[in-house]
*Asks:* 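Questions regarding the structure given below will be posed in turn.
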Amino acid sequence: MGNSVSELQVNIQMVDLQRQYHRIQNEIDAALLATVEKGQFINGPEVKSFAGKLADYLDVPYVIPCANGTDALQIALMALTLKPGDEVIVPAFCYVAAAEVVALLGLTPVWADVDPDTFMVTADTLAKACSSRTKAIVVAHLFGQCCDMDSILSFASRQNLYVIEDNAQSMGAVYRFPGGQTRMAGTMGVIGTTSFFPSKPLACYGDGGAMFTHDQQLANTLRMIANHGQQSKYHHQRVGCNSRLDSIQAAVLEVKLSHLDEFNKARQKVADRYDEGFKRCKGIKVPQRTASSTHVFHQYTLQVNNGKRDALQQFLKRRNIPSMVYYPLPLNEQHAFRQAFRPVEKLEVASQLCKTVLSLPIHTEMREDEIQYIIQQVNAFFESDGLQAGCE
């Protein structure tokens, strides 16, 4: 290997934004300088330019930028004809944002279990959570690939439900319908949302988010809500909020959008190396890639067998290899949601995943020697004396 172990231990990160910046520094610096020189920091031309280019990339007519991904979910729900007490199904195994905004708006979050291999909701798990009070579904395209949108959209259509896509983790993934038609992640439901948090596949250097839709009237409503509920200055048609993507972040995002496919391919190569390196290890299960979606690997998430997840994480930590548990508790077990909402079936898969998942470092700038070192150390853990789940 080209670097010593000590050097590798210092350099390995879950996401290395510094190295990525150095690779595209000239483009980023030029975009930032141009924005600062213009002095139009709120709703400047960079915001409109980025929104237009993202719409072209996603092949969707309307992109409405906003301040962050949580705001995007809240504004999306505010734009629909929902009433207090209406139920919205959200994945039990997911980040809290969707459930949080459902509750904040006086709606009722209802938990859906997830598939044990893809970690995402399915039409079947959604059906088990559905009732006569259900009005909408939030589906999260988790860790870099799409849910089975063909069956989910069919189920939602039969039940007359809105589908909102949380696409914070899978920007650039492509879904293929059974007939061969393809659509970009985030563009299949009534509204798609995303986050531009710095670690996301398409990321800025602060907070940012956006919403996508094919419906012009809905786009107008989303835009109005995000701008204090006003269509024209000081004339407010409805109660809204103040949620803006600033011009500096838009400038960064426009540069990064031009590299998005390249960045996604880089993470896919890291995932391929991990898959190959772990193929004989019986102690773990590598991420399943669905046949209907490309996978952009926002996270590379293992399932660790035989209750060894925490021990593996500590073993890697001692070797200065970072790892993360996404997510340590299902939403139904979070203190904030324990008492408020309609109980559903036992969420056994979500609960089990929270005990077994472990995400390894994966980012656009990983070197081969770093990847190989991580593979060696994971395999070494399972080859250690006293562990029953070893590597062949």
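Everything numeric in this text was worked out from a predicted model, so none of it was measured.
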*Asks:* So which of Val378, Leu358, Asn379 actually passes side-chain contact (heavy atoms from CB on, under 4.5 Å) with Ile284?
*Replies:*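 For Ile284, the side-chain contact (heavy atoms from CB on, under 4.5 Å) check succeeds only for Val378.
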*Asks:* Please name the pair of heavy atoms, one in Arg367 and one in Asn11, separated by the smallest distance, quoted to 0.1 Å.
*Replies:*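 Where Arg367 meets Asn11 most closely, the heavy atoms are NH2-ND2, 3.9 Å.
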*Asks:* Between His298 (side chain only) and Gly144 (backbone N and O only), is there a donor and an acceptor less than 3.5 Å apart?
*Replies:*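 No.
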*Asks:* Quick check against the 3.5 Å criterion: does Asp115 have a side-chain atom that pairs as donor or acceptor with the backbone of Thr122?
*Replies:*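 Side chain of Asp115 to backbone of Thr122: no pair is present.
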*Asks:* Say whether Arg273 and Gln372, considering side chains only, have a donor N or O and an acceptor N or O under 3.5 Å apart.
*Replies:*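 Yes, Gln372 and Arg273 have a side-chain donor paired with an acceptor closer than 3.5 Å.
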*Asks:* Side chain of Arg309, backbone of Cys354: donor and acceptor closer than 3.5 Å?
*Replies:*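 Pair found, side chain donor or acceptor close to backbone of Cys354.
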*Asks:* Using modelled atom types only, decide if a donor and an acceptor are shared between the side chain of Asn68 and the backbone of Thr70 within a distance under 3.5 Å.
*Replies:*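 Judged by distance alone, yes, a pair lies under 3.5 Å.
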*Asks:* Determine, step by step, whether Phe297 and Phe143 satisfy the ring-ring contact (aromatic ring centres under 6.0 Å, His included) criterion, reporting the C-alpha distance in whole Å, the side-chain angles of both residues, the deciding distance to 0.1 Å, and the verdict.
*Replies:* CA-CA 6 Å; Phe297 284 99; Phe143 298 156; 9.9 Å; no
*Asks:* Only pairs at least two apart or in different chains count here, so list each salt bridge (Lys or Arg N to Asp or Glu O under 4.0 Å) that has a residue in residues 172-200.
*Replies:*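 Sorted pair list comes back empty.
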*Asks:* Are the side chains of Ile24 and Lys256 in touch, meaning some heavy atoms are under 4.5 Å apart?
*Replies:*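 Answer yes - side chains close enough.
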*Asks:* Which is it for Met211 and Ile75 under the side chain to side chain contact (heavy atoms under 4.5 Å, CB included) test, yes or no, and what are the steps along the way?
*Replies:* CA-CA 9 Å; Met211 299 157 285; Ile75 295 165; 3.6 Å; yes
*Asks:* Evaluate side chain to side chain contact (heavy atoms under 4.5 Å, CB included) for Phe315 paired with Gln377, printing each intermediate quantity in order.
*Replies:* CA-CA 8 Å; Phe315 179 89; Gln377 295 305 313; 4.1 Å; yes
*Asks:* Could you tell me if Thr301 and Ser359 have a donor-acceptor pair between their side chains, going purely by distance under 3.5 Å?
*Replies:*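 A pair is found: one side chain offers a donor N or O, the other an acceptor, under 3.5 Å apart.
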*Asks:* Donor-acceptor pairs under 3.5 angstrom involving side-chain atoms of residues 87-103: please list them, not counting sequence neighbours.
*Replies:*
from  : atom 1 : to     : atom 2 : distance (Å)
Glu87 : OE1    : Ser131 : OG     : 2.7
Glu87 : OE1    : Thr134 : OG1    : 3.4
Glu87 : OE1    : Arg342 : NE     : 3.4
Glu87 : OE1    : Arg342 : NH2    : 2.9
Glu87 : OE2    : Arg133 : NE     : 3.2
Glu87 : OE2    : Arg133 : NH2    : 3.4
Glu87 : OE2    : Arg342 : NE     : 2.8

*Asks:* Where the side chain of Asp86 meets the backbone of Lys83, is there a donor-acceptor pair that is under 3.5 Å apart?
*Replies:*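 Checked: pair present.
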*Asks:* Applying salt bridge (Lys or Arg N to Asp or Glu O under 4.0 Å) as the test, list every pair that has at least one member in residues 23-35; sequence neighbours left out.
*Replies:*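 The answer is Arg23-Glu262, Arg23-Glu365.
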*Asks:* Tell me if a side-chain donor or acceptor on Tyr175 pairs with a main-chain N or O of Asp150 at a distance below 3.5 Å.
*Replies:*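 Yes: the side chain of Tyr175 pairs with the backbone of Asp150.
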*Asks:* Under a 4.0 Å threshold between the charged nitrogen and the carboxylate oxygen, would Asp275 count as salt-bridged to Arg289?
*Replies:*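 Here Arg289 pairs with Asp275 in a salt bridge, since their nearest N and O are under 4.0 Å apart.
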*Asks:* Rounded to the nearest 0.5 Å, what separation is found between the NZ atom of Lys269 and the CD1 atom of Ile362?
*Replies:*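 With rounding to 0.5 Å, NZ (Lys269) is 13.0 Å from CD1 (Ile362).
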*Asks:* Under a 3.5 Å distance rule, please check whether Thr294 uses its side chain to pair with a backbone N or O of Ala173 as donor and acceptor.
*Replies:*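 Checked: no pair found.
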*Asks:* Taking the six-membered ring for Trp, are the ring centroids of Phe212 and Tyr62 within less than 6.0 Å of each other?
*Replies:*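 Here the rings of Tyr62 and Phe212 have centres that are no less than 6.0 Å from each other.
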*Asks:* Step by step, work out the side chain to side chain contact (heavy atoms under 4.5 Å, CB included) result for Tyr373 and Glu370.
*Replies:* CA-CA 5 Å; Tyr373 176 66; Glu370 294 173 326; 5.7 Å; no
*Asks:* Quick one: do the Gln40 and Ser247 side chains pair a donor with an acceptor below 3.5 Å?
*Replies:*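 No, no side-chain donor-acceptor pair sits under 3.5 Å.
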*Asks:* I want to check something: taking the side chain as every heavy atom from C-beta on, are Pro361 and Ile12 in contact at a cut-off of under 4.5 Å?
*Replies:*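 Yes. Closest side-chain heavy atoms under 4.5 Å.
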*Asks:* Under a plain distance cut-off of 3.5 Å, with no hydrogens placed, do Glu165 and His141 share a side-chain donor-acceptor pair?
*Replies:*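 Their side chains do contain a donor-acceptor pair, which is all the 3.5 Å distance test asks for.
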*Asks:* Roughly how far, to the nearest 0.5 Å, is the CZ atom of Phe263 from the CE atom of Met171?
*Replies:*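 Here the rounded value is 14.0 Å.
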*Asks:* Do the side chain of His236 and the main chain of His228 share a donor and acceptor less than 3.5 angstrom apart?
*Replies:*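 Confirmed, His236 side chain pairs with His228 backbone.
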*Asks:* Answer yes if the ring centres of Phe196 and Tyr205 are under 6.0 angstrom apart, and no otherwise.
*Replies:*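 Centroid distance Phe196-Tyr205: not below 6.0 Å, so no.
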*Asks:* Is the side chain of Thr213 donor-acceptor paired with the backbone N or O of Val190 at a distance under 3.5 Å, no angle test?
*Replies:*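 A pair under 3.5 Å: yes.
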*Asks:* Does the side chain of Leu257 come within less than 4.5 Å of Glu254's, by heavy atoms?
*Replies:*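 Heavy-atom side-chain distance check fails, nothing below 4.5 Å.
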*Asks:* Check Asp71 against Ser243 and note the closest heavy-atom contact, atom names and distance.
*Replies:*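 Heavy-atom minimum between the residues: OD2-OG, 2.7 Å.
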*Asks:* Between the side chain of Asp16 and the main-chain N/O of Thr364, is any donor-acceptor distance below 3.5 Å?
*Replies:*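 The answer is no, because no donor-acceptor pair under 3.5 Å joins these two groups.
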*Asks:* Classify the ring geometry between Tyr300 and Tyr274 as parallel (under 30°), tilted (30 to 60°) or perpendicular (over 60°).
*Replies:*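 Correct class here is tilted.
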*Asks:* Run the side chain to side chain contact (heavy atoms under 4.5 Å, CB included) check on Val139 and Ile152 step by step: do they pass?
*Replies:* CA-CA 9 Å; Val139 299; Ile152 289 173; 4.1 Å; yes
*Asks:* Looking only at non-hydrogen atoms, find the nearest pair between Gln159 and Cys130 and report the distance.
*Replies:*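 The pair with the smallest heavy-atom distance is OE1-SG, 4.3 Å.
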*Asks:* Could you tell me the separation between the CG atom of Leu316 and the CD1 atom of Ile374, rounded to the nearest 0.5 Å?
*Replies:*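 Result: 8.5 Å between the selected atoms.
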*Asks:* Are more than 12 heavy atoms from other residues, nucleotides or ligands located less than 6.0 Å from atom NZ of Lys38?
*Replies:*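 Yes, the 6.0 Å shell around NZ holds more than 12 heavy atoms from other groups.
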*Asks:* Roughly how far apart are Ile64 CD1 and Asn220 CG, rounded to 0.5 Å?
*Replies:*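 Here the interatomic distance stands at 8.5 Å.
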*Asks:* Taking the side chain as C-beta and beyond, is there a heavy-atom pair between Asp246 and Gln249 under 4.5 Å?
*Replies:*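 Result yes, sub-4.5 Å side-chain heavy-atom pair found.
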*Asks:* Looking only at heavy atoms, what is the nearest atom pair of Gln145 and His295, with distance?
*Replies:*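 Minimum heavy-atom contact is CD-CD2, 3.3 Å.
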*Asks:* Measuring from atom CD of Gln303 to atom CG of Leu353, what distance do you get when rounded to the nearest 0.5 angstrom?
*Replies:*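 It is 5.5 Å, given to the nearest 0.5 Å.
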